[in-house]
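Every chain is numbered from 1 and lettered A, B, ... according to where its sequence line falls, protein lines coming before strand lines. A quick note: this is a predicted structure, and the numbers were derived from the prediction, not measured.
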Number of protein chains: 2
Amino acid sequence: MARKEKGDIDLSTEEKIKEAARKVFTKKGYAATRTRDIAEEAGINLALLNYYFRSKEKLFEIIMTEKMQKYFGVLAPVLDDTATTLENKIETIASKYIDLVLENPELPLFVLSELRNNPIHFLSLTPKTDFLTNSEFIRQLQKKRPDIRPLHFFVSLLGMCLFPFLMRPVLQKVANMKDKTFIEMMLERKKLIPVWTKAMLKAK
Amino acid sequence: MARKEKGDIDLSTEEKIKEAARKVFTKKGYAATRTRDIAEEAGINLALLNYYFRSKEKLFEIIMTEKMQKYFGVLAPVLDDTATTLENKIETIASKYIDLVLENPELPLFVLSELRNNPIHFLSLTPKTDFLTNSEFIRQLQKKRPDIRPLHFFVSLLGMCLFPFLMRPVLQKVANMKDKTFIEMMLERKKLIPVWTKAMLKAK
DNA sequence: GTCTATAACCTGATAGAC
DNA sequence: GTCTATCAGGTTATAGAC
């Protein structure tokens with residue numbers, strides 16, 4: 001019983017419910033999810049869900065906090081590192097973000113769409129509100145290109161990592177692309193993004 | 001009574017309901033929307049909604065089709081224009097998309113999140129399935145950079161236009177940005193995107 | 001066409017047996 | 001801790017008066 005990542009069988013009931021909740025909530029969103037769906041997915045009874053988590057909302061709050069931390073957690077340690085160059089940071093962010101989302105493909109759409117109507121979730125996000133604007137990363141961007149808002153680069157960088165996942169169903173449909181090809185493409189992207197951002201930073 | 005775009009007052013009941021449905025559906029998504037919300041927003045009775053549109057789902061289908069066409073309608077006429085250069089197409093797409101989404105800020109997140117669980121909506125999208133892969137735009141990209149999948153550029157272009165809107169609440173929160181500033185930024189982007197994509201196309 | 005009232009159904013949550 | 005049965009509340013959709 002060494003491995004306990006996957007085998008539903010040796011998880012505690014509480015963890016089975018959380019695991020099911022992760023799956024269903026991220027796939028369908030809060031509103032479209034029924035507690036019955038989660039119970040079924042977890043292979044337990046509906047009553048147990050309320051026994052362990054009191055309510056749908058409380059359970060959701062737990063999952064949402066988890067996901068928010070995953071989603072934004074990649075950034076925090078990198079942004080403020082004074083020991084790395086700008087190019088270095090870009091490379092790290094692209095690589096880590098793409099790996100993260102390859103393993104959690106529903107993450108970006110889930111977080112962004114749940115955030116739409118519940119800005120409350122921001123509370124579970126960050127201690128200080130200026131972790132981005134007052135970061136080394138932004139300062140480095142500003143120094144390199146004082147003529148362009150640093151946020152322009154920042155948003156473009158994140159967009160290059162995440163937007164393909166948001167468009168994934170569209171993309172695979174209109175380009176008749178298999179899952180395998182999509183994944184290949186995202187791995188290529190890890191190398192492309194540093195090259196592209198470098199070119200963007202120089203472009204006049 | 002010349003103007004009829006805005007004044008709720010001289011719209012037909014049917015149009016009032018559709019207008020309300022556009023607003024509520026795009027803001028909250030299908031599952032989180034209650035027909036009561038739409039009725040109230042339209043200033044009419046709940047029963048009238050079913051009188052005119054039979055069901056919540058039918059009404060949604062109408063709005064969704066509309067939005068899909070807006071969302072993808074920008075692309076079709078540009079992609080296959082053999083009379084314009086690649087640079088030209090990029091500029092046009094960036095400019096048109098940003099203008100469109102500035103006027104319909106909820107559009108991208110709405111379309112992408114509703115598409116997540118209902119690939120059925122693709123039906124209302126396009127006549128031929130290869131309108132992208134077999135387009136002049138893709139051919140031009142391929143000619144310029146045969147060493148890189150054209151889709152990499154395509155996705156990045158769309159991402160640069162649309163991703164800022166998807167991240168908008170996050171962005172405005174962490175950067176403490178006012179609506180006005182965000183809009184300014186998106187207008188700047190119309191000029192930045194052609195410059196950046198040009199640099200990306202050259203980068204080795 | 002528009003309203004009020006209500007039917008029919010669904011969903012989250014709990015009571016209570018085991 | 002786990003289950004079955006059920007309640008309470010809310011939601012879509014319709015019946016029927018005007």
Looking at DNA chain D, which of residues 20-33 of chain B put a heavy atom within less than 4.0 Å of it?
T33(B)
Is it true that the NZ or CZ of K56(A) lies under 6.0 Å from the centre of Y30(A)'s six-membered ring and within 45 degrees of the ring axis?
yes
For this output row, return yes or no: ring centroids of F25(B) and F60(B) closer than 6.0 angstrom.
yes
Are the aromatic ring centres of F165(B) and F182(B) under 6.0 angstrom apart?
yes
Salt bridge [X]-[Y], side-chain N to carboxylate O under 4.0 Å:
X: R149(A); Y: E184(B); result: yes
X: D179(A); Y: R168(A); result: yes
X: K143(A); Y: E136(A); result: no

Within the 4.0 Å heavy-atom criterion, would you say Y52(B) contacts the bases, only the backbone, or no part of the nucleic acid?
sugar-phosphate
Would you mind classifying the nucleic acid contact of R36(A) as base, sugar-phosphate or nothing, using non-hydrogen atoms under 4.0 angstrom?
base
Below 4.0 Å from chain B heavy atoms, what is the first contacting nucleotide of DNA chain C and what is the last?
dG1(C) to dT4(C)
Could you list the residues that satisfy side chain to side chain donor-acceptor pair (under 3.5 Å) with K144(B), not counting sequence neighbours?
E87(B)
Nearest heavy atom decides the nucleotide; on that basis, is N45(B) or L48(A) closer to the 5' end of DNA chain D?
L48(A)
Got a sec: does the CG of N176(B) have more than 12 other heavy atoms crowding it under 6.0 Å?
no
